[in-house]
Amino acid sequence: MKALQNIRLYCGIFGMTALLCSCSSAVFPDITEDEEDVVVNQEGDEDSSFIGRKSKKIELSMPEEGESLQADTKNVAYDSEKPDIPFAAKTKPVKKEELKETKAEAEKALSEKKKEAEVKKVEIPQKPVTPVLDFSAADNEENTTPSISYRLDTFYFNNGSSALDSKYNKQIRNIVKLAKSKKNAIVTVKGFASSRTRNTDPVSHKLANFKVSAARAQSVATALRQYGLSEDKIQTEALSDSMPAYQEVMPEGERLNRRVEVYIAY
């Protein structure tokens, strides 16, 4: 049994030795880096013009310190192929005869349009004429509109009375003198009344105050005419108790509301 095991061991060692010897004596083909380039054309055949050209090795060298990048002279052949640059399309030169023909056609079309416009008789609206205003006549005319108006004086009356006191004669003369000195002067006399008759019915109250205010205005206007002021320059107004100047809580307020105010405008 032991002898059989030894035989198997020896046989295994011998087989391994023989296998190693056979492997060492085997011949392998040499592998080279350079290979032939084969170009296939569109028809599927090999292009014989490129057969035999071997691939070129590209050697790249990095610049040393202090040197700038420069073109590699060894690889100039790769830059010889120019890219496709688009060119502008060539235009056909225009002859002088053609330009003359196009100009003549344009002039003919323009003349035809003018003829059509004349046939249609298109009316062009005219610009509105701005009227010329002549102010010379207005400047020559006398300006009758008064530009200044103010109150000259105020006259007071007794209760229920329209008689003008003689103490106001000097003021009347001054008013007449001023009105005569101003051209186109107008004297307005406004009569007023107090609200003393409010204890009566409203109609009687308004009627009484209106009558007394009108009588007071006429009294002052008569005095102005007597001192020489023409009637066409005097205007009278009766305003009753519509515009009280003072509150009539005390008798003094009633007295001051029984008045006539004289205004001048020129």
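Just the heavy atoms: all of them, side chains too, but no hydrogens, waters or symmetry mates, feed the values below.
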How long is the gap from CG on Leu152 to CD1 on Ile175, to the nearest 0.5 Å? 5.5 Å
So if you build clusters from Ile, Leu, Val, Met, Phe, Trp, Tyr with side-chain heavy-atom gaps below 4.5 Å, do Val260 and Tyr246 land together? yes
Tyr156 atom OH, neighbour heavy-atom count above 12 within 6.0 Å: yes
Distance-only side-chain donor-acceptor flag, Asn169 / Ser166, under 3.5 Å: no
The reported gap from OG in Ser181 to OH in Tyr266 (rounded to nearest 0.5 angstrom) is 8.0 Å
Sub-3.5 Å donor-acceptor pair from the side chain of Ser219 to the main-chain atoms of Ser162, do we have one? yes
Supply the atom-to-atom distance His205 NE2 to Thr200 OG1, rounded to the nearest 0.5 angstrom. 6.5 Å
Closest heavy-atom pair, Leu164 versus Ala223, reported as atoms and distance to 0.1 Å, is CD2-CB, 4.0 Å
Does the side chain of Thr222 come under 3.5 Å of the side chain of Arg225 through a donor N or O and an acceptor N or O? yes
Glu248 side chain to Ser195 backbone, donor-acceptor under 3.5 Å: yes
NZ-CG distance between Lys206 and Asn209, expressed to the nearest 0.5 angstrom: 7.5 Å
Does Phe210 share a hydrophobic cluster with Val203, counting links as ILVMFWY side-chain heavy atoms below 4.5 Å and allowing steps through other members? no
With rounding to the nearest 0.5 angstrom, report the CG to OG distance, Asp241 to Ser213. 8.5 Å
Would you say the side chain of Thr236 lies within less than 4.5 Å of the side chain of Gln218, judging by non-hydrogen atoms? yes
With the threshold set at 4.0 Å, does a side-chain nitrogen-carboxylate oxygen contact exist between Glu231 and Lys233? no
What heavy-atom pair brings Asp153 and Gln171 nearest, and what distance separates the two atoms? OD2-OE1, 2.8 Å
Using modelled atom types and a 3.5 Å cut-off, is there a donor and acceptor pairing between side-chain atoms of Arg259 and backbone atoms of Asn257? yes
Does the cation-pi check pass for Arg258 over Phe157, that is, NZ or CZ under 6.0 Å from the six-membered ring centre and within 45° of its axis? no
Do Met243 and Val189 sit in the same hydrophobic cluster, where Ile, Leu, Val, Met, Phe, Trp and Tyr count as joined when their side-chain heavy atoms come under 4.5 Å apart? no
Is any side-chain heavy atom of Ile186 closer than 4.5 Å to one of Ile264? no
Got a second to check how far Tyr227's OH is from Ile172's CD1, nearest 0.5 Å? 8.0 Å
Decide, yes or no, whether a salt bridge links Lys190 with Glu261 under the criterion of side-chain N to carboxylate O below 4.0 Å. no
Is the number of heavy atoms from other residues, nucleotides or ligands within 6.0 Å of CG (Asn158) greater than 12? no
Does a side-chain N-to-carboxylate-O contact under 4.0 Å join Glu252 and Arg255? yes
Within one Ile-Leu-Val-Met-Phe-Trp-Tyr cluster: Tyr263 and Leu178, side-chain cutoff 4.5 Å: no
Please answer whether the main-chain N or O of Ala163 pairs with a side-chain N or O of Ser161 as donor and acceptor at a distance below 3.5 Å. yes
Linking I/L/V/M/F/W/Y whenever any side-chain heavy atoms sit under 4.5 Å apart, do Phe155 and Leu229 land together? yes
Nearest non-hydrogen partners of Thr154 and Tyr168, listed with the distance: O-CE2, 4.5 Å
Do side-chain atoms of Ser111 reach the backbone of Lys108 as a donor and acceptor pair under 3.5 angstrom? yes
